Structures are given as C-alpha cells and as structure tokens.
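Everything numeric here is computed off the predicted structure, so don't read it as measured data.
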Amino acid sequence: MALQFCIGGTTIQTLKLASVPSTSLRSSTAICSSRSSHLKTLTLTRSPLLIRALSSPAVVHSATTTASVDHVVKPQWKAAIDFKSILENKSAMAENLKNRNSSANLELVIELYEKLLELQKEVEDLRYERNTVANKMKGKVEPLERQRLIEEGKNLKEKLVTLEEDLIKLTDTLQREAQCIPNMTHPDVPIGGEDDSIIRKTVGTPCDFTFSIKDHVQIGKELDLFDFDAAAEVSGSKFYYLKNEAVLLEMGLINWTLSEVMKRGFTPLTTPEIARSLVVEKCGFQPRGDNTQVYSIEGSDQCLIGTAEIPVGGIHMDSILAESSLPLKYVAFSHCFRTEAGAAGAATRGLYRVHQFSKVEMFILCRPEESNAYHQELIEIEEELFSKLGLHFKTLDMATGDLGAPAYRKYDVEAWMPGLGRYGEISSASNCTDYQSRRLGIRYRPENPTSPSTNTKKNKGRNLSPPEFVHTLNATACAVPRMIVCLLENYQQEDGSVVIPEPLRPFMGAIQVITPKSN
C-alpha cells in the first residue's frame, strides 16, 4: 500500500507499509544473528531521507541498504564484554542461553576469543622482533648486515600489517557474536515461556457491571474522544487523534504520574525523540534487521525512539560517575514510536497497539549491590500508582523465555480490561544489571578514604579505586494509551458516561465525569 500527500501538485511524502512481526508493549526475547537477511520495511520518504523499520532487542547487526540510498558507514564500537567470565562460566552461560531460547552461538564466541588471544600473541611477538631489529640498526652496523636488517625489518612490517588487519577483522567478528549473548538471569526467575511466568501479586477484583459493557473503542466513539479514521487517512493505520476530554485525560495522566514519581526522589526529564543508532544498539536493541519494532532514518545514523529508556541511558554514556552521585533516578516523558505491525485480532483494536504514543519512564543508575533493591522499589511504585487509580491488576515475575536481551529479571503488570475481556500489559520493570552500562561505557569510581599522606597535590589522582560499571534499571510509570483503555473500560457507567478517578481530577480542570455530548 502506498499513500502520497501533495501540496501545490508536489509530492512531499510516500508511505509504504509491509508486514513485520509484532512484540509486546516492552520488547520480549531478543533475536540476534550475524547472518544478514532480507528485510521487510516500513518506509517513509521525505527527500532525501527514508524512514524504515528497525529491529527489536538484541545488539549489533550490519545495516542493509537499498539501491535508492547511499551506503551508510556504521559507527564502530565495542562493548566491554567480560570474556574471562564467559570462559570460566561456560556451563552456566550455555544453560542460560537454552532457558532464554537464545540463538547466540556460545561455542563460536569461545572459539573466536581463543583465536584472538593467539593472534594477539603473534602480533606482540612480531612487534618485539621488529623493535629488536630496529634497535640493532641504531648502532654501528656493517653495510651488508644493515641491508639484511633492512630487508628483515621490511618483511616483519609487512607480516605485522597483515596480522593487524586480521586482528581487527577477528575482533569485529568476535564483538558481533558476543554482543548477541543476552544478560545472565536472576536465579529466582521461572524457566520457560510466557505461560510459565509466576504471579507475584494480585490487587483488587474485576468490576461487577450490572449492564452490558462496551470496549474503549465504542466508548470513545460515543463520547467523541477519538478519531481513528481521520488519523488513518493522514498517517496510516494504528495512528489516532485524541479529542475533547481524552486530551485532558492524557495530560492529566502524564502530570499526575510525574508528580507522584518525583515524590520518590526522581529527577524529571523530557528527552530527544531521535537517537543515534549506536545508542539504540548499546541499550540492547538491534537497529537494522527483521522482527522489527523501531523506526530508523535511512541516510543517517539516527532512529526514532521506542522508549525513553534509550535517550536517558545515553545521558551518561562514556563517563565515570562519582560514587556519591549514585543512585541517579530519572523519570522521563517522551513520545515513543514502534512499528507494532503484523499483529491482528481484538487485542490490537483502537488504542491498545499503536505506532505512536506518550509514555512516562523511570530509569535508575546505581551501585551493583543495590540493583535488586531498586528493582523492588520500581515495581512497588508501579503497583502504588495503579492502585491509586483503582485498577484491578496482577504483577508477574516473567519467565526466561519472555526476557529481553538486557533484562536480568523483569516484572510485568497486567490490568483487567473489561471491554477486551482479558488482562492486558500496561507496564514492566527490568533490572539490566551491567548489560547496558558495559555497552554505554557508564562507570563509577568507588570512594576510598584518603590519608594525609595521599591527600596532597603531588599525589592527586593516585591510589584511586578502579572504576566499576553501574547497574541500570527501567520501568514504565505510565503508557498513556493503554491507561486510557483501562480507565474508560473500568469506569464506564450505564448511562454512557465515564467517571474520572479522583487522583486525576485536579490535573484535568476538576472534571469528574465525561458525559455524552448533547446533539
């Protein structure tokens, strides 16, 4: 399908849509392979740029180009992967890959790493020989001997150039394969697929309606809150206009959520909604490939963000933080963009699964020993927010097969949606340990007490503890469209009106009820 928009006879945009597999509200199991595949793309043309679909969680993958654009040189970066730990924990790593249904090739990673060590030794030996020859030529040397040394040095240099090129290629190959290995998993995480996830907590009970209930699409139509048809004409399917009280409801949800989370010591942020591809990769998402969820801008190294986790994670990229500054706790508002294509059925109707939406995201950087405690804090904040809104929900400890590549452990919150007749995911909270920080280069320096003998200008900078990688965590405080689904369906009344939960009323101009419009 292709749509063209014209002004004064000039075409300014072309939208081409192809089917792409969908995932949940937050990305699930990572798919990573160093083998290239043909891509199905969602392409938005605005000369000279093209926007196409990117792929969901995993890591580095080579970019696929089309004949219509120039090849983009992919920025090179290396994750600080602990290869020693991989070698020492081979059995545990293999079991982890099996439990996560990961396609990462552990045996190949180990084989490549061992070859790398051998090649590094060869390079070092050649460099030593070259330096030895160079040192011999510094002294008094007979002409014939000098000529022999010159030839020997030349041969060594040529061999060294070849080996160093091989070393670069091998290092890149090792990085590509090793970056496909997902994070290790918390020992208490249930093993299996989504159905094996364990209910951590259940709050409330489903509403007992005494009348025939409606879903949010019908409610929104009758109360004049949405316009999906006009949005489809303007932007394509899975876009929407919010109207009237729905606009105030969105703003109320955002401002109420920010105010509540800020009480817990979080710094508020609004973020860029375009990020460099390498930042997306470093956060654990794969920006060019199949199984896509993220949009990228062709002809550039930029992507539209699928979550504020990406730009917030990049704030402290390639930095060493003071231990005294930890934890760093952010709550960020942003618009998010996801392809969400390929899904079908009632669960995707209306606002449940859309291409663009507003979201409030929590993000924490902390000391490694504190991340489990902060993970509990994040899920407790989510549970408190949804309880205050009067929702019936359950919290799940997600099984290994449903964890994204960066997640060490993940809790999902699923709320009851009467119109759908089932629970729907509205939030999640993930502890990513040092998976992201090793890629983003975010470390902190543990503080050491200084003695008078070391606390001098002469010794400044000495006896410092080596920097360590921070742990990162993220959690959804409010994914607006799905919260609107929950509120409209749970607070609907027999007369067609919808009651606004009390906590939101001060943030919506004191509106208490959304009532049908008079004709």
Cation-pi, Tyr435 ring and Arg439 (6.0 angstrom, 45 degrees): yes

Is NZ or CZ of Lys394 both nearer than 6.0 Å to the six-membered ring centre of Tyr423 and within 45° of the ring axis? yes

Close side-chain approach of [X] to [Y], heavy-atom, < 4.5 Å:
{"X": "Leu108", "Y": "Leu112", "value": "yes"}
{"X": "Val331", "Y": "Thr257", "value": "no"}
{"X": "Leu97", "Y": "Pro182", "value": "yes"}
{"X": "Leu389", "Y": "Asn490", "value": "no"}
{"X": "Ser437", "Y": "Asp434", "value": "yes"}
{"X": "His316", "Y": "Leu321", "value": "yes"}
{"X": "Tyr295", "Y": "Cys303", "value": "no"}

Counting neighbours of [atom1] on [X] that are heavy atoms of other residues, nucleotides or ligands and sit closer than 6.0 Å, is the number greater than 12?
{"X": "Lys159", "atom1": "NZ", "answer": "no"}
{"X": "Glu194", "atom1": "CD", "answer": "no"}
{"X": "Arg438", "atom1": "CZ", "answer": "yes"}
{"X": "Glu502", "atom1": "CD", "answer": "no"}

Electrostatic pair [X]:[Y] at N-O distance under 4.0 angstrom:
{"X": "Glu468", "Y": "Arg443", "result": "no"}
{"X": "Arg127", "Y": "Glu122", "result": "no"}
{"X": "Glu118", "Y": "Lys115", "result": "no"}

Residues [X] and [Y]: side-chain donor-acceptor under 3.5 angstrom:
{"X": "Asn431", "Y": "Ser371", "value": "yes"}
{"X": "His471", "Y": "Tyr408", "value": "no"}
{"X": "Thr433", "Y": "Asn183", "value": "yes"}
{"X": "Glu383", "Y": "Thr395", "value": "yes"}
{"X": "Ser334", "Y": "Glu273", "value": "no"}
{"X": "Ser358", "Y": "Glu250", "value": "yes"}

Using ring centroids (six-membered ring only for Trp), state whether Tyr113 and Phe83 fall under 6.0 Å. yes

Looking at every heavy atom in both [X] and [Y], which two are closest together, and how far apart are they?
{"X": "Tyr444", "Y": "Phe469", "value": "CE2-O, 4.1 Å"}
{"X": "Ala475", "Y": "Glu382", "value": "CB-OE2, 3.4 Å"}
{"X": "His375", "Y": "Ala429", "value": "NE2-O, 2.8 Å"}
{"X": "Phe357", "Y": "Gly306", "value": "CZ-O, 4.4 Å"}
{"X": "Ala332", "Y": "Ala308", "value": "CB-CB, 3.9 Å"}
{"X": "Ile199", "Y": "Thr202", "value": "CG2-OG1, 3.6 Å"}

Atom pair [atom1]/[atom2] of [X] and [Y] - distance to nearest 0.5 Å:
{"X": "Leu163", "Y": "Ile168", "atom1": "CG", "atom2": "CD1", "answer": "11.5 Å"}
{"X": "His355", "Y": "Leu304", "atom1": "NE2", "atom2": "CG", "answer": "12.5 Å"}
{"X": "Ser427", "Y": "Met362", "atom1": "OG", "atom2": "CE", "answer": "6.5 Å"}
{"X": "Leu504", "Y": "Lys388", "atom1": "CG", "atom2": "NZ", "answer": "11.5 Å"}
{"X": "Leu487", "Y": "Arg482", "atom1": "CG", "atom2": "CZ", "answer": "14.5 Å"}
{"X": "Glu361", "Y": "Thr271", "atom1": "CD", "atom2": "OG1", "answer": "10.0 Å"}

Test log, rule side-chain contact (heavy atoms from CB on, under 4.5 Å), inputs Lys78 and Asp172: CA-CA 8 Å; Lys78 293 183 178 64; Asp172 288 344; 4.3 Å; yes

Over 60° means perpendicular and under 30° means parallel, so classify the ring planes of His392 and Trp416, tilted if in between. tilted

